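Keep in mind that this is a model prediction, so the values were computed, not measured. Naming: A, B, ... by sequence-line order, numbering from 1 per chain. Below, all heavy atoms of this structure are taken into account, side chains as well, without hydrogens, waters or symmetry copies.
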Number of protein chains: 2
Amino acid sequence: MARMTPEARRESIVAATLAVMHRQGIAATTVRDVAAALGTSSGLIHHYVTSMDELITEAFELAATEDLERAASAVSGGTDPIDHLRRFFDSYTRADDDSGMQLWLDAWAEAARRPALQRASRRLNEAWQGLVCTIITDGCSSGVMRCADPQAASWRLISLLDGLTLQTVAHGDTVSAEQAARWSRRAAEQELGLEPGILDGIEPGARPSGRVR
Amino acid sequence: MARMTPEARRESIVAATLAVMHRQGIAATTVRDVAAALGTSSGLIHHYVTSMDELITEAFELAATEDLERAASAVSGGTDPIDHLRRFFDSYTRADDDSGMQLWLDAWAEAARRPALQRASRRLNEAWQGLVCTIITDGCSSGVMRCADPQAASWRLISLLDGLTLQTVAHGDTVSAEQAARWSRRAAEQELGLEPGILDGIEPGARPSGRVR
DNA sequence: GGAGTTATTGGACAGATGCGCAATAGCGAT
DNA sequence: ATCGCTATTGCGCATCTGTCCAATAACTCC
């Protein structure tokens, strides 16, 4: 249809691919589906992308990087390490839509057969771990958290959150997402020597009720 | 090839399907692959199975049920609830082969697009949870464990083990399986008020060293 | 050994998929 | 208005998929 500059076209292709992947899952995303969503012919796509594998990997990286940046910017808004961690949980838990989590689950499973996707998934996973590790290290050096091995602790935390993702997506109604989120907060508080409930967003003794006019 | 009784043939088909699924993953398993592994023609398979979906679901159920029964029989060999739990962890962790875990990961992801598989996966997940819940309930009533809500605790434990499965399979070399298994044991001990290390298979004060002749 | 039953064959069929390519149409410069 | 460049088309090709079916081979019973 309308002519576009190569960079803009490429971006629109990756974005459309991501939309289809959210709707249909990674394995069921075809070139023709993307073309239909984009309103163009299917031949166009292969002029911007050498293979379907490359396209899928790129789209996943786009989504994953967006997720990560959203979390990172949410964290950076905090005032101290505990607030950082609280914001991290908020941004992670605020999944208005299960399709984002389903995409991660798809990517994890699909990674075994797509080396490029595996590399991307691993890199992003380490970035998430690094984000949490920074928070914990800060918390330890400023004395508000207690943790012998921040790297191991952040690994455990990410692992727990992955388990939560999985249970929420794969066995949906067995347990509510809110309940699961609460449990993961309790585990983090216990892990880091924090007082229970402090990550729920309600600072004990500083609640905005009563005195507030 | 050689003629078989319908029941035996059906079993051999499901078994061959499972083998292919382990090797290639669920989504990449085709009728022709199964026929080749079986050494028969592809037409035969549809005389015993109405659709590929049914075959995949049945093969997954076979593998999952075997896993569950192996865990259940391992648990039943114990002498008390703590020993039951220890044996449960042993059987869960003793994954000589990642392909079993990869199969579960595949099933979780694939479940979104295959209703029959989703039902099977959910049912099996609840059975696992029930197994752990029984152990915890026994442990609580006999007083060796402390737990306010056995059902919630077993949910958390299964969720943690799923997260472990995922990290091991999807991001393999970041962390070793042994380390991950140890961490999940520590979490269980903490959750149930047990003394640290008691699930490692070495009962404190009853180690087979020194005095043993 | 022959006949009937049935497990098994091997390919046909329709649909879908990734990919490539000549032809076309849109846009900017002259 | 015309020309040249290139983004875009639309289809063709080879391959793979699940499903089905008439023909065939193997086994059993008489």
Any ion pair linking B/Arg10 and B/Glu7 (charged N to carboxylate O, less than 4.0 Å)? no
Test: salt bridge (Lys or Arg N to Asp or Glu O under 4.0 Å). Region: residues 148-171 of chain A. Which pairs qualify, not counting sequence neighbours? A/Arg156-A/Glu191
Just to be sure I understand the geometry, which residues of residues 106-117 of chain A put a non-hydrogen atom under 4.0 Å away from DNA chain C? none
If the helix axis at each end comes from five base pairs, how far does the helix from C/dG1-D/dC30 to C/dT30-D/dA1 deviate from straight, to 10°? 0°
Do any side-chain nitrogens or oxygens of B/Arg3 fall under 4.0 Å of OP1 or OP2 in D/dT28? no
Residue pairs meeting salt bridge (Lys or Arg N to Asp or Glu O under 4.0 Å), one or both in residues 15-35 of chain A, sequence neighbours left out, come to none
Pair B/Arg86-B/Asp90, salt bridge (charged side-chain N to carboxylate O under 4.0 Å, His left out): steps then yes or no: CA-CA 6 Å; B/Arg86 183 157 45 217; B/Asp90 280 350; over 6 Å; no
Which pairs count as side-chain hydrogen bond (donor to acceptor under 3.5 Å, both in side chains) when at least one residue sits in residues 34-50 of chain A, sequence neighbours excluded? A/Thr50-A/Glu54
Distance from B/Leu103 atom CG to B/Ile26 atom CD1, nearest 0.5 Å? 5.0 Å
NA contact type, A/Arg32, heavy-atom cut-off 4.0 Å: base, sugar-phosphate, or nothing? base
Could you check A/Arg70 against A/Asp67 for salt bridge (charged side-chain N to carboxylate O under 4.0 Å, His left out), going step by step and ending with a plain yes or no? CA-CA 5 Å; A/Arg70 187 165 27 224; A/Asp67 283 356; 2.7 Å; yes
Residues in side-chain hydrogen bond (donor to acceptor under 3.5 Å, both in side chains) with A/Glu69, at least two apart? none
Which residue lies more 5' along DNA chain D, comparing B/Thr30 with B/Ala2 via nearest heavy atoms: B/Thr30
Salt bridge (Lys or Arg N to Asp or Glu O under 4.0 Å) pairs touching residues 36-53 of chain A, sequence neighbours excluded, are A/Asp53-A/Arg114
Side chain of A/Arg146, backbone of A/Gly193: donor and acceptor closer than 3.5 Å? no
Would you find a donor on one side and an acceptor on the other, under 3.5 Å apart, between the side chain of B/Gln151 and the backbone of B/Cys133? no
Decide yes or no on salt bridge (charged side-chain N to carboxylate O under 4.0 Å, His left out) for B/Arg123 and B/Glu126, but give the supporting numbers first. CA-CA 5 Å; B/Arg123 193 152 37 78; B/Glu126 281 165 19; over 6 Å; no
Reading DNA chain C 5' to 3', which nucleotide is the first, and which the last, to come under 4.0 Å of any heavy atom in chain A? C/dT17 to C/dC27
Interface residues of residues 33-52 of chain A with DNA chain C (non-hydrogen, below 4.0 angstrom): A/Gly43, A/His46, A/Ser51, A/Met52
Could you list the residues that satisfy salt bridge (charged side-chain N to carboxylate O under 4.0 Å, His left out) with A/Asp106, not counting sequence neighbours? B/Arg113
Are A/Trp183 and B/Trp155 an aromatic pair, judged by ring center distance below 6.0 Å? yes
For DNA chain C, which residues of residues 13-29 of chain B approach it to below 4.0 angstrom with any heavy atom? none
Which atom pairs, one a donor and one an acceptor, fall under 3.5 Å between side chains of residues 11-18 of chain B and the rest of the protein, sequence neighbours left out?
unit_1	atom_1	unit_2	atom_2	d
B/Ser12	OG	B/Arg9	O	2.8
B/Thr17	OG1	B/Ile13	O	2.7

